[in-house]
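As the structure lists them, so they are numbered: ligands from 1, and atoms in each ligand from 1.
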Amino acid sequence: MTVADLVVGQLLGAGVKALFGVPGGGGNLDLIAAAGKAGLPFVLTSTETAGAIAAIAQAEVTGRPGACLTTLGPGAASVVNGVACAFLERAPMVVFTDSQSAPFDHQRIDHAALMAPITKSSHILRSDRVLEVLLPVLHTAVHGRPGPVHVDCPAGVAASTMTTMFDTAVFEFDEQAPTAADRSRLETLLAAARKPLLLVGLGARRPADAGAIRALCAARNIPAMVTYKAKGVVPDDHPWFAGVFTNATIEQPMIDECDLLIGVGLDPVELIARAWQRTQPIVYCGPWRVEDTHVPFAAQFVTDVAAAVTEIEVTIAPSEWDPGRVRGHLDGQRRQIDVSANGLSAQRVVKIAASRLAAAGRVTVDAGAHMFPATMLWPVSCPSGMLLSNGLSTMGFALPAAIGAALLERERPVIALTGDGGLLMCAGELLTAVREKLRVITIVFSDASLSLIEIKQQARRLEPAGVALGAIDWPALARSVGVRSWVVTTEAELDRAAGEALACEGPTLIEAKIDRSNYGATLRAVRG
Ligand SMILES: Cc1ncc(C[n+]2csc(CCOP(=O)(O)OP(=O)(O)O)c2C)c(N)n1
Ligand SMILES: [Mg+2]
């Protein structure tokens, strides 16, 4: 048995479903060979960051670590955005980089220093201490606030034969628990609340969390808003669903009516960079303590979410909320976002595509102006049913994330909603989807512009500059790698294309040529 065999065995044991990346010539090759022998798929991506994002998607769906590998130097540098993404999305991931054992200058950069601000920890694999390195790596990735962990693999180590099979590795980790003071503050606030409101975030996405939260809403008549990443924890059609929460303006009327905010798994990394102006007390309950935050949590109840929520259900009295009133607020938000345009609007694209495709599979969303209608109008019914980058909010996320998710359930399609600028950053992954024969339906909001930035320029009365992309023949690009495609300019064409794409076995692409003229008003409706 080689070190690589042991590493791969540990990854499989930890629930890793695939290894993504672009190999270099060192220990990577031994890891890939060992993965092949052990039945852990290696999935070649066009860029290292796309590989990391695919791994993040798998981690978000399974709750187990994702994994990716890169070569040394340029590979390590190229994966940085993907690792930063895992860090701010709170996604457990292991990233392996090759490294030199001898002091050659060629391709040498300090990997540990590069990774330090964007990983929970960085380690060097050693042939005499494989488990002593790997067990804490896998534990650290998922423990507390999940995130990426880096492992440098010096030349020759992965290929070396194991001499000692079992090295003694005993590790102790602090378990977080609510303090007595936090518990009593929470109880006092719960006892006084007449109209509490749940703000559900990325730390509450396990199926058990969703079950407990939905039960609390129903049993105590408590409405819930969800962050982008928590879409589906309380489904859009749930009687107590109160909309999406990002600390924006459109949520204010709903918030104004409540007297206590309960942040369930609410990690402030998901909130837009805006001072906290809510006047009600806010408490936090979640699986990790939130440090250095601008949100003034009056108490932090750090424990298992499902257990904490069930405890709240027992403690709290039925609220005074009227379900019709909550529904009224939700309808109001949906009316405000529904800004029309002369041509095909992004809103109509989302609604028509969702009516055809939302029930069929998961959806991923990229960063950009199309994200507002996508997150507010695409219905989601299960946790992690919508995957997007809302901690780092990176472009180039939707397609690689769709690939990671589609590999987990090959029979279900994954719909990737992306801007044209975002897709340009990862268009090479269309070929990855073809190679892997994945049912990924990419819908491009084609507006020849970095629209979100363009409307920010407009809001500041600046001339558009540096935002025009120019025309891309998306169907031609798709065809060149074997992706079936459609270009649509009307609602009827989109409806037909979505139906046909759903019937296809492999990857497909729909270019929706949209009228972007309503994005400015859309942004104002959401963020004021
Ligand atoms: C990697 C990365 N670069 C830059 C940005 C800043 N940014 C956010 S949205 C956006 C424009 C996105 O354009 P596009 O993908 O076409 O979507 P649209 O806004 O047109 O819907 C930019 C440049 C980012 N979030 N991530
Ligand atoms: Mg665009």
With the Mg ion (ligand 2) at the centre, find the angle made by OD1 from D420 and O from S449, to 10°. 100°

Please state which protein non-hydrogen atom is closest to atom 1 (C) of ligand 1 and give its distance, to 0.1 Å? T394 OG1, 3.5 Å

Classify the contact between D447 and ligand 1 as side chain, backbone, both or neither, using a heavy-atom distance cut-off of under 4.0 Å. side chain

Going through the distances and angles, do T227 and N390 end up as a side-chain hydrogen bond (donor to acceptor under 3.5 Å, both in side chains)? CA-CA 9 Å; T227 62; N390 196 36; 5.5 Å; no

If you measure every N or O of L469 against every N or O of ligand 1, does any of those distances drop under 3.5 Å? no

Atoms of ligand 1 less than 4.0 Å from L452 heavy atoms? 9 (S), 19 (O)

Applying a 4.0 Å heavy-atom criterion (strictly less than), which segment of I453 is in contact with ligand 1: side chain, backbone, both, or neither? side chain

Out of curiosity, E493 CD to I510 CD1, how far, rounded to the nearest 0.5 Å? 11.5 Å

May I ask you to check whether E511 and S485 show a side-chain donor-acceptor distance below 3.5 Å? no

Has S393 got any heavy atom lying under 4.0 angstrom from an atom of ligand 1? yes

Short list, please: which atoms of ligand 1 are under 4.0 Å from a heavy atom of S451? 18 (P), 19 (O), 20 (O)

For M376, is there any backbone N or O sitting under 3.5 Å from a side-chain donor or acceptor partner on R334? no

Could you check atom 15 (O) of ligand 1 against the protein and tell me its nearest heavy-atom contact, residue, atom and distance included? G422 N, 2.7 Å

Got a second to check how far Q277's CD is from I255's CD1, nearest 0.5 Å? 12.0 Å

Nearest to atom 14 (P) of ligand 1, what protein heavy atom do you find, and at what distance? G421 N, 3.6 Å

Kindly confirm or rule out an N or O of M425 lying under 3.5 angstrom from an N or O of ligand 1. no

Hey, could you give me the CG/CG distance between N247 and L271, rounded to the nearest 0.5 Å? 5.5 Å

E500 and T508: CA distance, side-chain angles, deciding distance, side-chain hydrogen bond (donor to acceptor under 3.5 Å, both in side chains) verdict: CA-CA 9 Å; E500 288 175 14; T508 51; over 6 Å; no

Under 4.0 Å between heavy atoms, the region of A346 that gets near ligand 1 turns out to be neither

What is the distance from atom OG of S446 to atom CH2 of W474, rounded to the nearest 0.5 Å? 8.0 Å

Between Q58 (side chain) and A405 (backbone), is there a donor-acceptor pair under 3.5 Å? no

Below the 3.5 angstrom mark, is there an N/O of D420, backbone or side chain, next to an N/O of ligand 1? yes

Salt bridge check: are D338 and R335 linked by an N-O gap of less than 4.0 Å? no

Can a salt bridge be assigned to the pair R484 and E505 using a cut-off of 4.0 Å between side-chain N and carboxylate O? no

Shortest protein heavy-atom distance from atom 21 (O) of ligand 1, along with the residue and atom involved: H370 ND1, 2.8 Å

The Mg ion (ligand 2) - closest N/O/S atom in D447: OD1

Looking only at protein heavy atoms, what sits closest to atom 12 (C) of ligand 1 is M395 CE, 3.6 Å

What I want to know is whether L450 and ligand 1 share at least one N or O pair that is separated by under 3.5 angstrom. no

Mind checking whether G368 has an N or O less than 3.5 Å away from an N or O of ligand 1? no

